[in-house]
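Every chain is numbered from 1, with letters handed out A, B, ... down the list of sequences.
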Amino acid sequence: MMDDTEQPLITNEFLQVVSLIPYGKVATYGQIAKLSGLPKHARHVGFALKKLDNHSDLPWYRVVNSQGKISLQKENERGENLQVLKLQNEGVFIVDGKINLKQYQWNTYE
DNA sequence: AACATGACCCTAA
DNA sequence: CTTAGGGCCATGT
């Protein structure tokens with residue numbers, strides 16, 4: 001039997017890392033890619049997340065770009081961004097559409 | 001196979 | 001501070 005469980009990409013690696021982002025913290029696309037061992041694939045992190053369903057358990061909303069801005073532009077009927085709401089709900093302050101990474105970025109050192 | 005696209009990143013100006 | 005350009009590479013057509 002053929003067992004073609006081959007992934008479109010190494011998507012699972014990305015999602016694995018995303019699931020590790022602590023509550024109330026955020027990580028950048030590049031950071032996720034790097035931690036997954038694929039530093040050149042920052043773009044594909046977003047690509048992988050886009051293919052997710054909104055009812056996924058993954059904290060996809062904790063992923064922002066390197067400038068601390070929300071990359072997802074999609075809005076609901078109220079003109080609100082779901083990612084913004086999710087983050088604010090975790091206590092992440094967003095000023096002028098930007099997040100202070102110095103304060104909220106997931107520090108993988110230690 | 002070639003071309004366009006993308007929830008990006010980095011540097012220069 | 002913002003914008004522009006080049007780099008990157010899997011996916012879709």
Side-chain angles (χ1 to χ4, degrees):
Chain A
M1 310 307 280
M2 22 192 172
D3 202 298
D4 277 271
T5 45
E6 200 171 337
Q7 297 302 123
L9 180 58
I10 16 59
T11 306
N12 286 335
E13 283 302 308
F14 293 145
L15 303 185
Q16 169 66 31
V17 177
V18 170
S19 71
L20 299 177
I21 306 173
Y23 181 96
K25 290 288 184 178
V26 300
T28 67
Y29 295 92
Q31 186 177 6
I32 298 299
K34 200 171 187 177
L35 291 173
S36 300
L38 299 161
K40 307 297 181 61
H41 295 60
R43 315 187 70 139
H44 301 108
V45 174
F47 203 91
L49 294 180
K50 183 161 74 170
K51 297 205 295 185
L52 282 179
D53 281 329
N54 288 8
H55 51 73
S56 171
D57 294 336
L58 282 164
W60 56 268
Y61 50 84
R62 294 185 190 143
V63 184
V64 299
N65 66 31
S66 64
Q67 304 172 67
K69 293 181 182 175
I70 303 298
S71 291
L72 179 60
Q73 297 303 315
K74 193 175 181 65
E75 298 178 343
N76 62 20
E77 54 284 334
R78 284 195 250 169
E80 299 170 320
N81 184 306
L82 178 59
Q83 184 169 14
V84 171
L85 298 179
K86 289 273 198 180
L87 289 174
Q88 293 180 328
N89 189 49
E90 295 193 349
V92 176
F93 277 69
I94 301 176
V95 183
D96 282 329
K98 289 179 295 184
I99 294 169
N100 185 332
L101 292 180
K102 297 282 188 186
Q103 181 178 7
Y104 294 108
Q105 182 167 30
W106 176 28
N107 185 354
T108 53
Y109 272 113
E110 309 288 352

* To do: Considering only heavy atoms of chain A and a distance under 4.0 Å, specify the first and last nucleotide of DNA chain B in 5' to 3' order that meet this criterion.
  =>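 First-to-last contact on DNA chain B, by the 4.0 Å heavy-atom rule, is B:dG6 to B:dC10.
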inquiry  = I need the full list of side chain to side chain donor-acceptor pair (under 3.5 Å) pairs touching residues 30-43 of chain A, with sequence neighbours left out, sorted by first then second residue.
reply    =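 Sorted pair list: A:Q31-A:Q105.
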_Other residues, nucleotides and ligands only: do more than 12 of their heavy atoms fall within 6.0 Å of CG on A:D57?_
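Check fails, neighbour count at 12 or below.
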query = Of all residues at least two apart in sequence or in a different chain, which pass the side-chain contact (heavy atoms from CB on, under 4.5 Å) check with A:Q103?
reply =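 Counting only residues at least two positions away or on another chain, A:Q103 forms a side-chain contact (heavy atoms from CB on, under 4.5 Å) with A:N100.
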When you check the gap from the basic side-chain N to the acidic O, do A:E90 and A:R62 get nearer than 4.0 Å?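 Salt bridge flag = yes for A:R62 with A:E90.
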Below 4.5 Å, heavy atoms only, C-beta onward: do A:I70 and A:V84 meet side chain to side chain?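 They are in side-chain contact.
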I need the minimum non-hydrogen distance between A:N65 and A:S71, along with the two atoms involved.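 Taking A:N65 first and A:S71 second, the nearest heavy atoms are ND2-OG, 3.3 Å.
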Expected output is a numbered-order residue list: members of residues 35-46 of chain A with a heavy atom under 4.0 Å from any atom of DNA chain B. What is it?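 Those residues whose heavy atoms fall under 4.0 Å from DNA chain B, taken from residues 35-46 of chain A in numerical order, are A:A42, A:R43, A:H44, A:G46.
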State, yes or no, whether a side-chain contact exists between A:V63 and A:F14 at a heavy-atom distance under 4.5 Å.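 Result no, sub-4.5 Å side-chain heavy-atom pair not found.
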Note to self: Judged by each residue's nearest nucleotide on DNA chain C, which is more toward the 5′ side, A:F47 or A:Q67?
What the structure shows: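 Checking each residue's closest nucleotide, the 5'-ward one belongs to A:Q67.
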Which part of the nucleic acid does A:Y29 contact within heavy-atom distance under 4.0 Å: base, sugar-phosphate only, or nothing?
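Answer is base: heavy atoms of A:Y29 come under 4.0 Å of a base.
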In sequence, state the C-alpha distance, the side-chain angles, and the governing distance for A:L87 and A:V26, and then conclude on side-chain contact (heavy atoms from CB on, under 4.5 Å). CA-CA 9 Å; A:L87 289 174; A:V26 300; 3.9 Å; yes
* Asked: Below 4.5 Å, heavy atoms only, C-beta onward: do A:L49 and A:L58 meet side chain to side chain?
  ->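 With C-beta onward as the side chain, the pair stays apart.
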Check: Residues from residues 69-92 of chain A sitting under 4.0 Å of DNA chain C, heavy atoms only?
Finding: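 Those residues: none at all.
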Exercise. Report the residues that fulfil side-chain contact (heavy atoms from CB on, under 4.5 Å) with A:S66, sequence neighbours left out, ordered by chain and then residue number.
Key: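 Listed in chain order: nothing, the list is empty.
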